[in-house]
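Note sheet for the following structure.
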There are 2 protein chains.
Amino acid sequence: MEILNAAEILAALGHESRLAIFRLLVQAGPDGINASAIGEQLGIPNATLSFHLSHLSRVGLIKGERESRFIHYSAAYETMDELIAFLAHNCCQGKACLPKTSACDSVAKRRNKKTDPQE
Amino acid sequence: MEILNAAEILAALGHESRLAIFRLLVQAGPDGINASAIGEQLGIPNATLSFHLSHLSRVGLIKGERESRFIHYSAAYETMDELIAFLAHNCCQGKACLPKTSACDSVAKRRNKKTDPQE
DNA sequence: TCCATATTTCCATTTTTATCGAAATATGAA
DNA sequence: TTCATATTTCGATAAAAATGGAAATATGGA
């Protein structure tokens, strides 16, 4: 992941409605839910919802798949995973800076891996 | 962490210059570096840099501390940690959705903890 | 076909954010 | 004091993003 890409993804999440949509899908699981169900749960008008859904799709945070008249949206977990890895990349010089998640991919840790996804 | 707060933090990171600043500080370690050094490394004019630094400070992603004529900025690791925990909260219904970081704080995992930081 | 529903696109408007020169402020050194 | 450097604030402008009604499109059922 490159910095411009990461910034776009973060900007997409940096809006209350889109973040709420994304979390709803993260918690809904791989099957996802359809657009109108999202709109009802969050109280967002059609046009606005569609705008946010396409924004989230464009940056790769969610995926939409049509099933008859509905479009089921689901979270793209791998994008979130890459984003978190990007944020934690080379962080804190080996100290335990992220105790809640253990997400820190320190130089010391990465030394034992075969491939480095970012260099 | 609440959703409005998380969205503000994500929006702050969702700008190429601010993300570059934040990563520079994440990798610089706890001592941090001063504003002019950031400006030189990233090629950002004074006024613009100051705007972004205060934005990052306001949402709690970085901290500035004056040392004589310089202000040393450093990353607030705990805010990043909380943000990542927020994103991964209740994700994916127990499946291994975040293999790169293992950051997923699933219901199954949390069942073994005493306190839940978000509920 | 005709209708109902799901979703998107169009469009005009409003709101928010970013940019950066110039001036102001802060600190310490000579 | 006077000067040099570090950083912020001011202010005007430009650029980008968000909003949502109305119309258009897509799909399947009657």
Side-chain angles (χ1 to χ4, degrees), chain A residues 3-25 28 31-76, chain B residues 3-25 28 31-76:
Chain A
I3 190 165
L4 186 54
N5 191 223
E8 279 176 352
I9 295 171
L10 288 161
L13 288 174
H15 182 281
E16 201 179 357
S17 298
R18 284 193 299 266
L19 183 54
I21 292 167
F22 182 68
R23 294 190 94 220
L24 200 59
L25 294 177
D31 286 349
I33 53 180
N34 62 56
S36 50
I38 299 171
E40 277 170 28
Q41 288 203 45
L42 302 179
I44 302 174
N46 281 350
T48 306
L49 178 65
S50 187
F51 170 78
H52 290 314
L53 287 173
S54 75
H55 190 160
L56 288 166
S57 288
R58 185 170 48 78
V59 303
L61 276 166
I62 67 175
K63 288 175 253 184
E65 197 173 353
R66 186 173 274 275
E67 289 194 21
S68 100
R69 274 186 293 185
F70 304 85
I71 299 186
H72 283 265
Y73 282 98
S74 57
Chain B
I3 191 165
L4 186 55
N5 191 223
E8 280 177 351
I9 294 171
L10 289 161
L13 288 174
H15 181 282
E16 201 178 356
S17 298
R18 284 193 299 266
L19 183 55
I21 292 167
F22 181 69
R23 294 191 93 220
L24 200 60
L25 294 176
D31 286 350
I33 54 180
N34 62 57
S36 49
I38 299 172
E40 278 170 27
Q41 288 203 46
L42 301 179
I44 301 174
N46 281 350
T48 307
L49 178 64
S50 188
F51 170 78
H52 289 313
L53 287 173
S54 74
H55 190 159
L56 287 167
S57 288
R58 184 171 48 77
V59 302
L61 276 166
I62 67 174
K63 289 175 247 182
E65 197 173 352
R66 172 148 239 150
E67 289 193 23
S68 99
R69 273 186 295 184
F70 303 85
I71 299 187
H72 283 266
Y73 282 98
S74 57

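Here is how names work: the chains are called A, B, and so on, in the same order as the sequence lines, proteins then strands, and each is numbered from 1. For clarity, every value in this text was computed on a predicted model and none was experimentally measured.
Comparing C/dT19, C/dA18, D/dT19 by their nearest atom to the side chain of B/His55 picks out C/dA18. Here C/dT19 is the nucleotide among C/dT19, C/dT27, C/dT7 with the atom lying nearest to any side-chain atom of B/Phe51. Taking only side-chain atoms of A/Ile71, from C-beta outward, the nucleotide of C/dT19, C/dT8, D/dA18 with the closest atom is C/dT8. The listed nucleotides are C/dT5, D/dA6, D/dT8; the one nearest the side chain of A/Arg69 is C/dT5. In this structure, the nucleotide among D/dT7, C/dA18, C/dT7 sitting nearest to the side chain of B/Phe70 is D/dT7. Here the nucleotide nearest the side chain of B/Ala47, chosen from C/dT27, C/dC20, D/dT7, is C/dC20. Considering only the side chain of A/Pro45, D/dG20 comes nearest among D/dG20, C/dT9, C/dT19. Of the candidates D/dT8, D/dA18, C/dG28, the closest approach to any side-chain atom of A/His15 belongs to D/dA18.
The nearest whole Å value for the distance from the CD atom in B/Glu65 to the C1' atom in D/dA6 is 16 Å. Here C/dT7 presents its P atom at 10 Å from CD of A/Glu40, a figure rounded to the nearest Å. Distance CD1 (A/Ile33) to C1' (C/dT7): 15 Å, rounded to an integer number of Å. Between B/Leu53 atom CG and C/dC20 atom C1' the separation is 15 Å, expressed in whole Å. One interatomic measurement links the two molecules: CG of B/Leu56 to P of D/dT8, which rounds to 12 Å at whole-angstrom precision. Separating the CG atom of A/Asn34 from the C1' atom of C/dT8 is a distance of 15 Å, rounded to the nearest angstrom. Rounded to whole angstrom, the span from the CZ atom of A/Arg66 across to the P atom of C/dA6 amounts to 12 Å. Atoms CG (B/Leu49) and C1' (C/dA18) sit 13 Å apart, rounded to a whole Å.
Residue B/Ile33 comes nearest to B/Leu25 through the heavy atom pair CG1-CD2, 3.7 Å, listed as atom of the first residue, atom of the second, then distance. Listed here is the closest heavy atom pair of B/Ala12 and B/Leu61: CB-CD1, 4.1 Å. When every heavy atom of A/Ser17 is checked against every heavy atom of A/Ile44, the shortest pair comes out as CB-CD1, 4.0 Å.
Across all strands, B/Ser68 comes closer than 4.0 Å only to sugar-phosphate atoms, never to a base (heavy-atom distances). In this structure, B/Thr48 reaches the bases: a heavy-atom distance under 4.0 Å links it to at least one base atom across the strands shown. Using a 4.0 Å heavy-atom distance criterion, A/Ser36 is classed as a sugar-phosphate-only contact.
Taking the six-membered ring where the residue is Trp, A/Phe70 and A/His72 present tilted rings, their angle falling between 30° and 60°.
A sub-4.0 Å separation between OP1 or OP2 of C/dA6 and a side-chain N or O of A/His72 is absent. Checking the phosphate oxygens (OP1, OP2) of D/dA6, no side-chain nitrogen or oxygen of B/Tyr73 falls inside 4.0 Å. For C/dT17, neither phosphate oxygen OP1 nor OP2 lies less than 4.0 angstrom from any side-chain nitrogen or oxygen of B/His52. For A/Arg18 and D/dA18, the shortest distance from a side-chain N or O to OP1 or OP2 is below 4.0 Å.
Comparing B/Ser54 and A/Ile44, the nucleotide of DNA chain D nearest to each residue sits closer to the 5' end for B/Ser54. Heavy-atom distances to DNA chain D give each of A/Ala11 and B/Ala35 a nearest nucleotide, and the one nearer the 5′ end belongs to B/Ala35.
In this structure, A/Glu16 and A/Leu19 have side chains that are not in contact, with every pair of non-hydrogen atoms separated by 4.5 Å or more.
A side chain to side chain contact (heavy atoms under 4.5 Å, CB included) with A/Arg18 is found for exactly one of A/Leu56, A/Leu53, A/Val59, namely A/Leu56.
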